[in-house]
Participant: 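Mind having a look at this structure? Questions to follow.
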Amino acid sequence: MNTEHSQEAAVIARTRIGIIGGGQLGLMISEAARKLGFASVVVLDPTPACPASVVAEQIVGSLKDPVALRQLADRADILTYEIEHINTQALQDLQAEGVKIYPSPELLAIIQNKFEQKEFLARHDIAVAPYRSVSSQEDIEQAAREWGYPLVLKAKKDAYDGRGNARVNGPEDIESARAKLGDRELYVEKCIDLDKELGIMIARNERGESASFPVVEMIHERDICLTVLAPAQISDELQAEARKMASESIDRLEGIGIFGVEMFLDRQGKLWLNEIAPRPHNSGHYTIEACQTSQFEQHLRAITNLSLTPTTMLYPAAVMENILGERNGPADVKWSHDYDHEHVFPHIYGKRETKIDRKMGHITVVGDDLDRVYKQAKEARATLSI
């Protein structure tokens with residue numbers, strides 16, 4: 001073992017990881033941390049026996065409770081998080097006392113408010129769809145006069161998996177869109193003439209080193225990511241442009257950790273940055289089996305300031321298919337028949353209750369041909385029920 005590897009092994013062996021959130025992302029970060037050999041992994045989550053508790057110790061508590069967050073900090077050398085909807089002020093207070101938190105609470109505060117995130121990106125000349133803050137029907141109508149329909153009305157905060165979005169196809173949709181989003185602060189965005197939705201995972205450590213994974217295509221249904229195709233079927237020039245846009249964005253944010261950067265590709269071939277997730281992301285789950293380094297290992301390496309390792313795909317093609325809940329009630333996993341264990345990799349998150357459209361697991365399929373792998377992923381999903 002060379003000197004660098006010995007030093008890295010020593011850092012890993014003595015470092016305790018604390019994760020805010022113990023859902024499926026917390027589970028997969030914890031699994032990667034255990035595999036790498038970190039000293040300990042503790043998660044904070046309000047749900048007893050959360051998914052991550054299978055492989056990590058759990059503190060049962062609210063993600064917004066300063067006392068619970070301090071309890072987690074007392075048991076860890078570095079804190080990270082799997083969800084954005086947490087108490088940023090409490091994290092800033094802990095950071096001021098010397099607690100290491102990555103990505104930083106200041107970055108999280110920008111990302112939490114999607115309008116502020118757009119403002120930040122626009123200030124740094126990153127292409128984003130035209131947008132503006134709105135507080136009345138007249139504001140939305142004014143945007144429509146300038147941009148035309150359709151528009152998307154969005155909540156500035158506490159929005160994920162489409163739960164903070166409402167499409168406005170014409171003036172008759174404005175009232176219902178506002179009612180859907182309630183009394184939250186809102187902004188409106190021009191709809192891009194969409195060709196593909198793209199995603200890229202990019203990691204950056206404290207030294208400023210960065211490493212990106214291949215650009216992927218995301219297929220959404222009901223504003224929820226259903227399928228990820230890797231690599232995206234786009235030109236090498238667009239791949240390079242997407243990597244450059246993601247890298248510049250994360251450098252500007254001084255991000256440490258891994259980031260999911262979602263982009264729109266319009267029918268004219270232009271890229272627009274949609275939003276950034278400051279954590280592992282659904283679009284990177286395929287990396288566990290399909291890449292030399294998984295997004296979860298890379299995240300841990302980034303937050304502990306270790307060297308970032310290669311992200312090369314191990315197969316020509318990979319497809320990730322989300323397993324979404326189809327009913328409300330107790331979760332009971334059943335396979336109708338066996339699957340190809342050499343190329344099909346199911347991940348069941350261990351959630352006790354299933355709900356319609358709740359993410360209950362995912363299936364990754366790898367192979368030589370993207371069309372064939374996509375078909376195999378759909379077939380594998382059809383054999384499973386929860």
Side-chain angles (χ1 to χ4, degrees), residues 23-25 82-85 111-115 117-118 121 128-131 134 140 143-144 147 149-170 172-182 184-201 216-229 232 259-267 271-286 319-328 349 351 354-362 377-378 381 386:
Q24 65 265 23
L25 298 178
E82 61 133 42
I83 188 169
E84 290 97 299
H85 310 306
I111 297 291
Q112 275 182 336
N113 186 316
K114 292 192 175 185
F115 180 76
Q117 185 183 151
K118 296 275 184 191
L121 294 168
V128 294
Y131 67 96
V134 295
I140 300 168
W147 305 330
Y149 292 103
L151 305 170
V152 183
L153 194 62
K154 296 186 173 184
K156 292 183 179 181
K157 289 185 174 181
D158 296 331
Y160 63 97
D161 284 346
R163 289 175 174 85
N165 297 352
R167 192 175 171 94
V168 181
N169 292 315
E172 68 280 358
D173 294 335
I174 294 176
E175 189 175 339
S176 61
R178 292 182 69 198
K180 176 188 174 183
L181 299 179
R184 292 189 278 181
E185 292 182 38
L186 304 176
Y187 70 103
V188 71
E189 188 173 291
K190 179 182 179 180
C191 272
I192 297 297
D193 185 18
L194 192 63
D195 180 23
K196 297 178 189 291
E197 293 191 57
L198 303 175
I200 182 169
M201 301 305 304
V216 301
E217 180 179 354
M218 298 181 288
I219 299 172
H220 289 76
E221 284 189 10
R222 299 178 300 281
D223 288 323
I224 301 171
C225 179
L226 182 64
T227 308
V228 171
L229 310 176
F259 299 84
V261 182
E262 298 182 44
M263 299 176 184
F264 297 138
L265 175 64
D266 72 19
R267 294 187 189 278
L271 284 174
W272 306 81
L273 201 151
N274 177 28
E275 61 186 46
I276 298 170
R279 52 172 172 76
H281 188 263
N282 213 165
S283 65
H285 290 351
Y286 76 97
V319 171
M320 189 285 304
E321 186 77 8
N322 263 328
I323 301 167
L324 302 179
E326 298 169 322
R327 60 178 178 82
N328 297 325
Y349 301 149
K351 297 177 182 179
T354 184
K355 298 176 184 176
I356 293 172
D357 284 344
R358 189 182 195 192
K359 291 174 181 172
M360 302 300 295
H362 73 266
K378 291 294 185 184
R381 173 65 186 92
I386 292 187

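Numbers here simply count residues along the sequence, with the first being 1.
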Participant: Apply salt bridge (charged side-chain N to carboxylate O under 4.0 Å, His left out) to Glu197 and list each qualifying residue two or more places apart in sequence or on a separate chain.
Facilitator: none

Participant: Applying side-chain contact (heavy atoms from CB on, under 4.5 Å), can you list everything that pairs with Asn169, at least two apart in sequence or on another chain?
Facilitator: Pro150, Arg167, Asp173

Participant: Enter the distance from Glu189:CD to Trp272:CH2 here, rounded to the nearest 0.5 Å.
Facilitator: 10.0 Å

Participant: Restricting to side-chain contact (heavy atoms from CB on, under 4.5 Å), what partner residues turn up for Lys355, sequence neighbours left out?
Facilitator: Asn328, Arg358

Participant: Taking the side chain as C-beta and beyond, is there a heavy-atom pair between Ile386 and Thr354 under 4.5 Å?
Facilitator: yes

Participant: Check whether the side chains of His362 and Tyr349 place a donor and an acceptor atom closer than 3.5 Å, and report yes or no.
Facilitator: yes

Participant: Decide whether a cation-pi geometry holds between Lys156 and Tyr187; the criteria are a distance under 6.0 Å from NZ or CZ to the six-membered ring centre and an angle within 45° of the ring axis.
Facilitator: no

Participant: Can you tell me how far NZ of Lys196 sits from CG of Leu271, rounded to the nearest 0.5 angstrom?
Facilitator: 12.0 Å

Participant: Report the C-alpha distance between Leu324 and Arg222 in whole Å, list the side-chain angles of each, state the deciding distance to 0.1 Å, and finish with yes or no for side chain to side chain contact (heavy atoms under 4.5 Å, CB included).
Facilitator: CA-CA 11 Å; Leu324 302 179; Arg222 299 178 300 281; 4.2 Å; yes

Participant: By salt bridge (charged side-chain N to carboxylate O under 4.0 Å, His left out), which residues pair with Glu321, not counting sequence neighbours?
Facilitator: Lys378

Participant: Is it the case that the side chain of Lys190 and the backbone of Ala143 share a donor-acceptor pair, with hydrogens and angles ignored and the cut-off at 3.5 Å?
Facilitator: no

Participant: Roughly how far apart are Lys359 NZ and Leu226 CG, rounded to 0.5 Å?
Facilitator: 10.0 Å

Participant: Would you say the side chain of Met263 lies within less than 4.5 Å of the side chain of Ile200, judging by non-hydrogen atoms?
Facilitator: yes

Participant: Name all residues meeting the side-chain contact (heavy atoms from CB on, under 4.5 Å) criterion together with Glu84; count only those two or more places apart in sequence or in a different chain, and write none if there are none.
Facilitator: Leu108, Ile111, Gln112, Ala277, Pro278, Arg279

Participant: Working to the nearest 0.5 Å, report the span between CD1 of Ile140 and CG of Leu153.
Facilitator: 4.5 Å

Participant: For Val152, enumerate each residue passing the side-chain contact (heavy atoms from CB on, under 4.5 Å) test, keeping only those at least two apart in sequence or located in another chain.
Facilitator: Lys154, Asn165, Cys191

Participant: With a 3.5 Å cut-off and no angle check, do the side chains of His281 and Glu262 form a donor-acceptor pair?
Facilitator: yes

Participant: Can you see which heavy atom on Leu273 is nearest to which on Val128, and at what distance?
Facilitator: O-CG1, 3.5 Å

Participant: Before giving the answer on side chain to side chain contact (heavy atoms under 4.5 Å, CB included), spell out for Lys157 and His85 the whole-Å C-alpha distance, their side-chain angles and the decisive distance to 0.1 Å.
Facilitator: CA-CA 9 Å; Lys157 289 185 174 181; His85 310 306; over 6 Å; no

